[in-house]
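Computed from a prediction, not measured in an experiment: that's the story for all the values here.
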Amino acid sequence: MKKIIFAITGIALLLAVKVYAYDDGDFQVWNTDVEEFKINNDSKIAVEEEFRWGKNASEFYYQHYDLGYFYNLEKWLNIGGGYRHVYELKRGKFESEFEPYLTATLLWGLLGFKFDDRSRIEYRYFNYSDDAWRYRNKITAKLPWKFTKLEIQPYVSDEIFIGFSTISEFNQNRFSSGLSMNLTKNLKAEIYYTLQSAKSSGKWVDANVLGTKIKIVF
């Protein structure tokens with residue numbers, strides 16, 4: 001009888017997860033707001049908030065709040081660390097994730113292109129699941145062209161996610177292309193498209209994301 005009860009409970013949980021998972025090819029909208037506080041020429045503090053809507057942009061399902069410190073160790077190397085608090089919709093309610101992290105970013109230029117390669121290691125503490133580590137690597141290339149007085153500049157990026165728990169697994173990829181611009185001296189903006197591919201229940205599921213980002217620099 002206990003085995004039957006456990007089996008029924010497991011099936012119910014799997015069905016609940018499926019209900020709140022989005023369809024392959026789902027359209028989503030993400031919005032990010034950043035406030036940067038310059039300490040000196042080599043260091044800054046960044047505060048970030050992000051909000052996401054899925055299910056063809058009809059359901060608010062994710063938000064995070066992030067505080068980080070970043071320092072230019074060399075012209076070609078930036079290091080940093082911080083803490084991110086995540087709320088994500090799981091089985092009908094928002095669950096929390098507590099996420100301290102460290103970053104190291106390599107920067108260089110070639111033929112007018114500007115590149116940065118950011119490595120990020122996160123410790124993910126959940127109140128609904130086992131703790132886990134995650135490694136993220138994001139490479140961004142800014143094209144050597146700027147348009148209009150807003151200095152509109154195209155860029156492309158790709159980010160991979162590798163989770164470490166009982167096993168190590170490549171479980172997410174985000175390919176993005178967008179435009180960055182300077183609205184004013186202290187106000188910057190981006191608009192971008194991201195193709196997110198994430199592994200869910202053993203199969204890969206895509207999401208098409210329209211994203212915006214606003215950054216205020218103090």
Side-chain angles (χ1 to χ4, degrees), residues 27-54 57 60 62-86 99 101-120 122 136-161 172-196 207-218:
F27 171 68
Q28 300 189 8
V29 172
W30 297 1
N31 172 252
T32 310
D33 300 305
V34 181
E35 299 84 39
E36 282 190 357
F37 301 89
K38 186 177 179 180
I39 299 174
N40 54 45
N41 290 334
D42 290 317
S43 61
K44 65 183 179 182
I45 293 173
V47 180
E48 177 181 294
E49 309 88 36
E50 184 167 286
F51 309 93
R52 301 177 188 173
W53 291 262
F60 178 57
Y62 175 97
Q63 56 188 308
H64 76 234
Y65 303 90
D66 190 305
L67 175 64
Y69 171 79
F70 304 93
Y71 179 75
N72 293 323
L73 192 62
E74 301 286 349
K75 289 183 178 181
W76 50 270
L77 177 61
N78 177 275
I79 59 173
Y83 170 76
R84 175 171 292 184
H85 196 102
V86 177
E99 187 183 292
Y101 62 85
L102 295 172
T103 67
T105 305
L106 300 174
L107 306 105
W108 73 97
L110 180 65
L111 300 175
F113 291 82
K114 290 184 178 180
F115 298 90
D116 64 75
D117 183 353
R118 187 201 68 190
S119 291
R120 172 170 167 146
E122 305 167 338
R136 300 166 59 169
N137 179 260
K138 183 178 182 180
I139 297 178
T140 302
K142 293 183 178 180
L143 279 62
W145 307 296
K146 294 182 179 180
F147 307 99
T148 79
K149 293 181 179 180
L150 297 179
E151 297 185 328
I152 298 173
Q153 186 172 27
Y155 69 87
V156 294
S157 69
D158 190 74
E159 184 172 19
I160 63 170
F161 294 68
Q172 189 176 154
N173 189 86
R174 294 178 187 169
F175 174 79
S176 302
S177 61
L179 301 171
S180 64
M181 62 197 77
N182 297 324
L183 300 179
T184 67
K185 180 181 178 181
N186 301 101
L187 182 62
K188 305 178 186 297
E190 295 180 17
I191 183 168
Y192 61 88
Y193 164 77
T194 292
L195 174 61
Q196 176 180 260
N208 296 288
V209 178
L210 175 63
T212 57
K213 183 175 183 179
I214 296 292
K215 181 191 292 185
I216 301 175
V217 180
F218 296 96

Looking only at non-hydrogen atoms, find the nearest pair between [X] and [Y] and report the distance.
| X | Y | answer |
| --- | --- | --- |
| Val47 | Leu67 | CG2-CD1, 3.7 Å |
| Pro154 | Leu179 | CA-CD2, 3.8 Å |
| Asn31 | Asp33 | OD1-OD2, 3.2 Å |
| Tyr155 | Leu143 | CA-CD1, 4.1 Å |

**Study point:** Check against salt bridge (charged side-chain N to carboxylate O under 4.0 Å, His left out), Arg120 and Glu99
**Key:** CA-CA 12 Å; Arg120 172 170 167 146; Glu99 187 183 292; 3.2 Å; yes
* Asked: Mind checking whether Phe218 and Phe37 have parallel, tilted or perpendicular rings, split at 30° and 60°?
  -> parallel
So if I apply the side chain to side chain contact (heavy atoms under 4.5 Å, CB included) rule between Asn78 and each of Leu106, Asn72, Asp116, which one comes out positive?
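Answer after filtering Leu106, Asn72, Asp116: Asn72.
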*Run through Ser119, Ser157, Ser176 and flag the one making a side chain to side chain contact (heavy atoms under 4.5 Å, CB included) with Lys138.*
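Checked Ser119, Ser157, Ser176 against Lys138; only one passes side chain to side chain contact (heavy atoms under 4.5 Å, CB included): Ser157.
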ask   = Heavy atoms, side chains only, cut-off 4.5 Å: are Arg136 and Tyr101 in contact?
value = no
Query raised in the report: Does a salt bridge link Arg118 with Glu159, judged by any charged N lying under 4.0 Å from a carboxylate O?
Result: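 Counted as a salt bridge, because a side-chain N and a carboxylate O are separated by less than 4.0 Å.
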Here the gap from Trp30 atom CH2 to Arg52 atom CZ, rounded to the nearest 0.5 Å, amounts to 4.0 Å
| query | Is the CG atom of Asn41 crowded by more than 12 outside heavy atoms at less than 6.0 Å? | reply |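 At most 12 heavy atoms, drawn from other residues, nucleotides or ligands, come within 6.0 Å of this atom.
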